[in-house]
Amino acid sequence: MNILTEKFNTPYHSAPFDQIKNEDYLPAFKDLIEKSEAEIDSIINNSDEPTFENTVEALAFSGEQLDRVSNIFFNLNSAETSDELQQIAQEVSPILTEYSSKISQNEALFNKIKKVYDQKEKYSLNEEQQMLLDETYKGFVRSGALLNEEDKEKLKKINMDLSLKSLQFGQNVLASTNNYFKHITSKEDLAGVPEAVIGQYAEEAKERNLEGWVVTLQYPSYIPFMTYAENRELRKEIASANGKKSFDGGEFDNQNLIKELLNLKQQKAELLGYSNYADYVLEERMAKSPTKVIDFLNELLVKAKPYAEKEIEELKPLAKADGIDEMQGYDHAFYAEKLRKAKYDLNDEELKPYFPLEQVQEAVFGLSKQLFGLTFVERNDVPKYHEDVKVYEVYEAGSGEMEDGSWRMEDGRKTQDANSQQPAGFKALLYVDYFPRKGKRAGAWMTSYKNQYQKDGENSRPHISIVCNFSKPTKDTPSLLTFQEVTTLFHEFGHALHGMMANTQYPNLSGTSVKWDFVELPSQFLENFCYEPEFLKTFAEHYKTGEVLPDAKIEKIALSKNFMEGYQTMRQLGFGILDMNYHTKVGDLERLSVKEFEDSYTKATQLYPVNPETAMSPSFSHIFQGGYSAGYYSYKWAEVLDADAFQYFKETGIFNPETAAKFKVLLSSGGTKDPMELYKNFRGSEPKVESLLKRAFG
């Protein structure tokens with residue numbers, strides 16, 4: 001028996017991580033693809049007249065187990081990978097791509113969908129059904145359903161190559177990141193670095209059976225070194241290593257892969273009738289066109305650059321005092337931290353004791369209860385993929401809660417055998433995975449193991465995961481977060497809320513299944529609370545003394561929110577402009593190297609001299625491995641949305657129940673409505689760029 005092809009005999013039919021063996025994956029994928037194809041065949045071979053129910057809706061609910069196993073496998077390949085899993089991914093990806101192409105280019109299936117689409121006026125479809133029909137039809141057309149057979153085969157081959165090459169890109173970045181470490185044998189070289197961080201470096205050295213200290217390119221190791229280390233030569237060396245990830249001409253170099261990926265995307269776009277890949281992508285985004293995106297980015301560039309240049313000028317006297325006539329990129333974090341401490345008397349190490357991870361998590365749980373009525377209860381018998389992972393049941397507040405606020409545990413347990421219905425008020429399972437490991441990629445993300453949907457009278461609830469890379473606790477100290485890490489946790493939790501609050505009928509319109517430049521709104525919105533004194537006072541307490549973070553420091557955190565905002569804006573604009581040019585001007589790569597292309601299109605956003613030996617593109621996983629191709633601008637786009645949305649909360653009161661209820665509708669609606677319509681229903685008007693500029697620069 002293959003555990004992955006059976007109904008999961010676990011609480012809430014959650015992923016049976018403890019029973020899965022690596023050798024289960026490949027046969028499971030093959031078997032489930034066969035079963036899913038049989039479901040498709042039954043739709044095609046149905047002799048009844050095509051209807052919304054027997055065609056479009058049936059397709060939406062097909063392949064459920066295959067989707068679940070795919071989610072399990074690819075989520076683990078990011079959070080807990082191994083050489084064996086990566087090898088399986090190389091085998092599985094083309095199989096899945098071929099399956100996907102076989103469905104999206106199935107002429108008989110498309111003809112049935114087209115017939116329903118062409119006659120949609122005769123059906124009494126509600127708004128969500130109409131959206132599903134429109135999105136299904138467009139999805140087939142955008143996947144090549146209208147192409148001739150020869151071009152369908154070309155597209156199928158392109159999609160398969162893209163799948164494998166993007167996978168390889170990510171594996172190269174991970175390997176390149178893991179391959180480097182700096183072994184430090186003299187503590188003098190760590191001057192300026194806080195003792196807690198030095199302790200982490202010592203632990204890392206011990207794990208490698210080395211004396212002294214080890215700094216890696218994992219962010220919890222790299223960022224503190226660049227921020228605090230006084231040794232400029234070492235900062236330069238480690239920053240250079242970071243900038244050379246997959247850009248050193250070695251085994252894990254991604255430069256040729258970038259050109260191959262971009263050429264494949266261009267071929268795909270042209271085959272489908274678009275002038276470039278950005279046109280293809282943006283047709284399905286709020287922004288609609290590359291021109292609108294470039295205009296948006298350039299508008300922000302013009303307004304933000306003077307502020308950014310002024311910020312750099314503020315740093316120069318500090319560097320000059322250390323004998324540095326010309327600052328470099330690897331000096332920025334160090335002197336920015338000095339200036340931040342001088343202006344606001346704050347530094348991360350000073351604040352970290354007030355932000356132990358468990359307290360911060362309780363704060364975001366409490367905020368979710370206050371705004372949206374959610375309660376979280378840890379569940380210890382749900383299988384996990386690593387001992388660091390914790391699992392929580394999420395309930396509508398009040399279901400199972402006593403009048404005194406305590407939790408009546410048996411209420412949430414008595415109907416939870418493997419074959420039961422979900423208990424009353426149950427909203428989601430939430431997995432949290434906070435600490436770095438060798439098998440986990442860098443960064444932070446939210447993902448889903450199971451989407452929400454409604455079928456056969458049951459509202460099947462989602463299984464959501466948050467993955468981060470925070471410093472692990474030691475035997476003496478809990479995991480203490482930098483303030484930036486606090487906002488990171490709130491950011492990912494905003495995404496998680498989008499998933500957990502989902503209340504739609506169809507899985508492919510549920511939760512975060514929205515236009516890509518809308519998906520960052522909930523996450524970036526939630527970050528705003530971290531800067532509100534009224535909220536900070538409720539949880540920022542010293543882990544040893546219980547002292548509440550003093551008002552003066554809370555005030556400085558609020559004031560420091562826009563510290564170096566011009567610099568950060570220029571950095572994000574550089575990424576967005578580079579991404580948009582990669583996907584509109586791929587022909588330039590025939591005459592330019594990746595490095596030359598990058599330098600050319602980010603020139604206007606550069607605030608420091610460019611290092612000729614480094615490039616960020618070869619490790620730009622967001623656009624070459626993740627889903628942000630021709631979409632990186634969406635971070636800034638969503639900032640306009642979140643600034644405007646939070647301005648509304650501030651106008652009405654940040655915990656205002658009526659405003660929160662409106663936002664809850666937006667969160668629960670997923671992709672069932674046009675995002676601008678959803679936003680206007682919440683806010684009463686379209687978002688204004690001025691809200692972002694006002695928040696950022698006053």
Side-chain angles (χ1 to χ4, degrees), residues 70-71 73-81 85-86 89-90 92-93 96-97 100 159 161-177 218-219 245-247 252 254 257-258 260-262 264-265 268 277-278 280-282 284-285 287 293 433 439-449 464-469 488 491-492 494-496 498-499 511-524 571-572 574-583 594 598 615-638:
S70 295
N71 287 343
F73 176 77
F74 287 104
N75 287 339
L76 288 183
N77 196 37
S78 290
E80 184 64 7
T81 195
L85 271 189
Q86 291 184 19
Q90 292 282 359
V92 163
S93 290
L96 286 172
T97 303
S100 178
N159 285 337
D161 286 348
L162 280 171
S163 172
L164 284 173
K165 290 181 188 299
S166 62
L167 193 67
Q168 185 62 53
F169 184 96
Q171 290 176 359
N172 285 348
V173 174
L174 181 63
S176 188
T177 302
Q218 301 286 353
Y219 281 170
K245 284 187 298 192
S246 298
F247 181 62
F252 305 115
N254 273 335
L257 210 49
I258 284 174
E260 291 167 10
L261 281 163
L262 290 168
L264 285 167
K265 290 175 185 177
K268 176 174 180 172
Y277 193 73
Y280 168 73
V281 168
L282 292 169
E284 282 295 285
R285 304 286 159 90
V293 170
D433 178 3
K440 183 196 280 192
R441 69 174 169 89
W445 62 96
M446 165 269 179
T447 190
S448 169
Y449 283 98
I464 303 298
S465 173
I466 295 174
V467 187
C468 300
N469 279 279
T488 294
H491 179 102
E492 299 310 330
H495 283 309
H498 207 178
T512 57
S513 299
V514 297
K515 303 295 185 191
W516 201 266
D517 43 9
F518 189 64
V519 77
E520 293 296 335
L521 166 60
S523 54
Q524 294 179 187
R571 187 170 178 269
Q572 288 295 98
F575 292 157
I577 290 167
L578 179 61
D579 166 44
M580 198 50 54
N581 280 291
Y582 267 137
H583 293 99
V594 165
E598 178 180 311
M616 57 79 58
S617 294
S619 59
F620 198 176
S621 297
H622 274 77
I623 68 169
F624 294 119
Q625 181 195 10
Y628 282 86
S629 297
Y632 198 89
Y633 76 92
S634 61
Y635 281 106
K636 276 293 165 195
W637 185 275

Return the minimal non-hydrogen interatomic distance between [X] and [Y], and the atom names on each side.
| X | Y | value |
| --- | --- | --- |
| L261 | L162 | O-CD2, 3.7 Å |
| Q86 | N77 | CG-OD1, 3.8 Å |
| S448 | N75 | O-ND2, 3.2 Å |
| N172 | F252 | CB-O, 3.5 Å |
| S465 | Y449 | CB-CE1, 3.6 Å |

Before you tell me yes or no, could you show the steps for Q168 and Q90 under side-chain hydrogen bond (donor to acceptor under 3.5 Å, both in side chains), namely the whole-Å CA-CA distance, both residues' side-chain angles and the distance that decides it to 0.1 Å?
CA-CA 8 Å; Q168 185 62 53; Q90 292 282 359; 2.9 Å; yes
Parallel, tilted or perpendicular: ring planes of F620 versus F624, cut at 30 and 60 degrees
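Judged by the thresholds at 30° and 60°, the geometry between F620 and F624 is perpendicular.
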Aromatic plane relationship, Y277 with Y280 - under 30° parallel, 30 to 60° tilted, over 60° perpendicular:
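Taking Y277 first and then Y280, their aromatic rings sit tilted (interplane angle of 30° to 60°).
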Residues Y628, D579; criterion side chain to side chain contact (heavy atoms under 4.5 Å, CB included); working and verdict
CA-CA 9 Å; Y628 282 86; D579 166 44; 5.7 Å; no
Short question: side chain of [X], backbone of [Y] - any donor-acceptor pair under 3.5 Å?
| X | Y | result |
| --- | --- | --- |
| N469 | A444 | no |
| S619 | M616 | yes |
| E520 | A638 | no |
| S523 | E492 | no |

Measuring from [X]:[atom1] to [Y]:[atom2], what's the distance to the nearest 0.5 Å?
| X | Y | atom1 | atom2 | value |
| --- | --- | --- | --- | --- |
| I464 | H498 | CD1 | NE2 | 10.5 Å |
| Y635 | Q524 | OH | CD | 8.0 Å |
| L264 | D161 | CG | CG | 5.5 Å |
| I258 | F169 | CD1 | CZ | 5.0 Å |
| H495 | W445 | NE2 | CH2 | 13.0 Å |
| H583 | L578 | NE2 | CG | 9.5 Å |

Given side chain to side chain contact (heavy atoms under 4.5 Å, CB included), test N254 with V173 step by step and report yes or no.
CA-CA 8 Å; N254 273 335; V173 174; 3.5 Å; yes
Sequence-distant partners of Q572, side-chain hydrogen bond (donor to acceptor under 3.5 Å, both in side chains), two or more places apart
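Counting only residues at least two positions away or on another chain, Q572 forms a side-chain hydrogen bond (donor to acceptor under 3.5 Å, both in side chains) with Y632.
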Only counting residues at least two apart or in another chain, list the ones meeting side chain to side chain contact (heavy atoms under 4.5 Å, CB included) with [X].
| X | value |
| --- | --- |
| S93 | F74, S163, L164, L167 |
| V293 | L282, A287, L297, M580, Y633 |
| N581 | I577, T584, K585, F597, Y601 |
| V519 | T512, V514 |

Listed once per pair and sorted, the salt bridge (charged side-chain N to carboxylate O under 4.0 Å, His left out) pairs that draw on residues 162-176, sequence neighbours left out
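Sorted pair list: K165-E260.
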Show your reasoning for whether side chain to side chain contact (heavy atoms under 4.5 Å, CB included) applies to S100 and N159.
CA-CA 9 Å; S100 178; N159 285 337; over 6 Å; no
Do H491 and M446 make a side-chain contact, defined as non-hydrogen atoms from C-beta onward lying under 4.5 Å apart?
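Side chain of H491 against side chain of M446, heavy atoms only: no contact under 4.5 Å found.
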Any side-chain heavy atom of S634 within less than 4.5 Å of one from R285?
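They are not in side-chain contact.
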Stepwise side chain to side chain contact (heavy atoms under 4.5 Å, CB included) test for K440 and E80
CA-CA 5 Å; K440 183 196 280 192; E80 184 64 7; 5.7 Å; no
